[in-house]
> 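Got a structure for you, questions after.
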Amino acid sequence: MVNLLDNVKPRPSDEAIKSERVKEYVQLMRLHEELERKKNKLYEELIEEERKEAFEALSSEFNLPPHVTVRDAAEIMDISPQMVRRHCAERKLIAQQTFEGSGKWRIETKQLMDQPNWERFIEKRARIKDQSIGFAGEMLNQLLEEE
């Protein structure tokens with residue numbers, strides 16, 4: 001990770017930036033881009049067993065489901081739900097139709113890790129997990145107060 005910071009050095013054009021906060025923001029944006037490149041490169045290099053291990057680690061941390069809906073897959077892949085259904089029917093995606101001819105599919109989540117909006121999906125699942133934990137805590141507090 002430290003060597004990633006080495007790739008995000010100030011550039012001559014940064015001298016025109018007056019605000020330290022703006023300089024920091026620009027540097028963080030460069031770091032974000034470098035992290036994205038590194039993440040994609042690492043993912044490409046993972047063998048199937050390592051991808052499965054990565055999914056399992058993320059799944060337990062962010063409460064990822066083993067399967068997603070057509071709508072979720074469409075958001076993750078940044079394509080239309082109709083295109084997702086076509087990919088499922090053509091076996092381009094690992095999926096099972098819930099009822100024959102219904103258009104409803106259970107799509108294996110782990111195959112979507114390299115898709116454009118995967119991080120957005122992870123963030124959404126993390127928010128859902130945090131909300132669920134918060135709700136459970138509130139319910140527990142109410143039950144304890146009633147005793």
Side-chain angles (χ1 to χ4, degrees), residues 1-9 11 13 17 19 21-147:
M1 287 296 240
V2 174
N3 57 353
L4 286 174
L5 292 173
D6 293 340
N7 295 337
V8 187
K9 294 184 178 173
R11 298 181 183 166
S13 60
I17 301 172
S19 168
R21 290 182 354 162
V22 172
K23 285 180 184 179
E24 185 177 359
Y25 174 77
V26 169
Q27 194 168 17
L28 285 172
M29 289 301 295
R30 289 180 185 141
L31 179 59
H32 174 76
E33 290 299 315
E34 185 63 29
L35 285 169
E36 190 70 21
R37 278 191 289 277
K38 179 70 171 172
K39 178 192 64 111
N40 291 338
K41 184 176 186 270
L42 276 173
Y43 183 81
E44 291 295 320
E45 294 171 353
L46 294 178
I47 61 172
E48 187 61 34
E49 188 174 308
E50 291 171 321
R51 289 180 183 190
K52 182 179 177 184
E53 183 180 356
F55 178 77
E56 289 171 5
L58 292 171
S59 182
S60 65
E61 184 171 343
F62 298 108
N63 198 28
L64 302 179
H67 297 90
V68 293
T69 64
V70 168
R71 181 185 299 173
D72 283 337
E75 288 177 15
I76 294 166
M77 297 174 73
D78 200 22
I79 60 176
S80 71
Q82 293 81 1
M83 193 58 115
V84 171
R85 287 186 191 92
R86 183 177 300 152
H87 286 327
C88 292
E90 294 173 354
R91 308 251 186 254
K92 292 179 180 176
L93 288 173
I94 301 168
Q96 299 170 338
Q97 197 166 27
T98 55
F99 295 106
E100 190 68 31
S102 70
K104 294 184 184 272
W105 294 85
R106 290 173 22 108
I107 301 157
E108 194 173 284
T109 308
K110 69 181 173 188
Q111 68 188 312
L112 304 174
M113 290 174 62
D114 65 337
Q115 294 299 312
N117 293 324
W118 176 251
E119 287 83 12
R120 189 177 300 160
F121 178 69
I122 294 283
E123 290 166 3
K124 177 181 172 182
R125 296 301 302 184
R127 278 193 310 277
I128 291 169
K129 181 180 177 183
D130 289 345
Q131 289 170 348
S132 296
I133 290 170
F135 179 72
E138 287 293 322
M139 300 293 0
L140 186 59
N141 286 338
Q142 287 183 11
L143 287 173
L144 292 173
E145 287 174 5
E146 290 177 8
E147 291 180 357

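Computed from a predicted model, the values in this text were never measured in an experiment.
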> Which distance, rounded to the nearest 0.5 Å, do you find between the OG1 of T69 and the CD of E75?
7.5 Å
> Ignoring hydrogens and geometry, is there a side-chain-to-backbone donor-acceptor pair from K110 to A54 under 3.5 Å?
no
> Within a reach of under 6.0 Å around CD of E119, are more than 12 heavy atoms found that belong to other residues, nucleotides or ligands?
yes
> Just how far is it from atom OG1 of T109 to atom CD1 of I94, taken to the nearest 0.5 Å?
11.0 Å
> With distance as the sole test, does E44 use its side chain to make a donor-acceptor pair with the main-chain N or O of K41 at under 3.5 Å?
no
> On a heavy-atom basis, which atom in I79 and which in H87 lie closest, and how many Å separate them?
CD1-CD2, 3.7 Å
> Tell me whether E49 at atom CD has more than 12 heavy atoms from other residues, nucleotides or ligands lying less than 6.0 Å away.
no
> Ignoring hydrogens and angles, tell me if any N or O in the side chain of R85 forms a donor-acceptor pair with the backbone of G103 under 3.5 Å.
yes
> What pairs meet the ring pair (Phe, Tyr, Trp, His ring centres under 6.0 Å) rule with one or both residues in residues 42-67, with sequence neighbours excluded?
none
> Please round to the nearest 0.5 Å and tell me the distance separating atom CG of D114 and atom CZ of R51.
6.5 Å
> Once you round to the nearest 0.5 Å, how far does CD of Q96 lie from CZ of R106?
5.5 Å
> Give a yes or no on whether E24 atom CD has more than 12 heavy-atom contacts from other residues, nucleotides or ligands under 6.0 Å away.
no
> Taking the side chain as every heavy atom from C-beta outward, state whether F121 and V68 have any pair of such atoms under 4.5 Å apart.
yes
> Look at E33 together with R30 and state whether they make a salt bridge at an N to O cut-off of under 4.0 Å.
no
> Count the heavy atoms of every other residue, nucleotide or ligand shown that sit under 6.0 Å from NZ of K39, and state whether that count exceeds 12.
yes
> Identify the heavy atoms of L112 and E108 that sit nearest to each other, and give their distance.
CG-O, 4.1 Å
> What are the two closest non-hydrogen atoms of K124 and D72, and how far apart are they?
NZ-OD1, 3.5 Å
> Could you state the interatomic distance from CD (E138) to CD1 (I133), rounded to the nearest 0.5 Å?
13.0 Å
> Can you name the nearest heavy-atom pair linking S80 to A74, along with the distance?
C-CB, 3.9 Å
> Looking at CZ of R120 and CD of E123, how far apart are the two atoms once the value is rounded to the nearest 0.5 Å?
8.0 Å
> With a 4.5 Å heavy-atom cut-off, do L35 and K38 have their side chains touching?
no
> NZ of K23: more than 12 outside heavy atoms within 6.0 angstrom?
yes
> Taking the basic N atoms (NZ, or NE/NH1/NH2) and the acidic carboxylate oxygens, is any pair closer than 4.0 Å for R37 and E34?
yes
> Donor-acceptor pair, R125 side chain versus N63 backbone, under 3.5 Å?
yes
> If you compare all heavy atoms of T98 against all heavy atoms of S102, which two are closest, and at what distance to 0.1 Å?
OG1-OG, 3.9 Å
> Looking only at heavy atoms, what is the nearest atom pair of A73 and I107, with distance?
CB-CD1, 3.7 Å
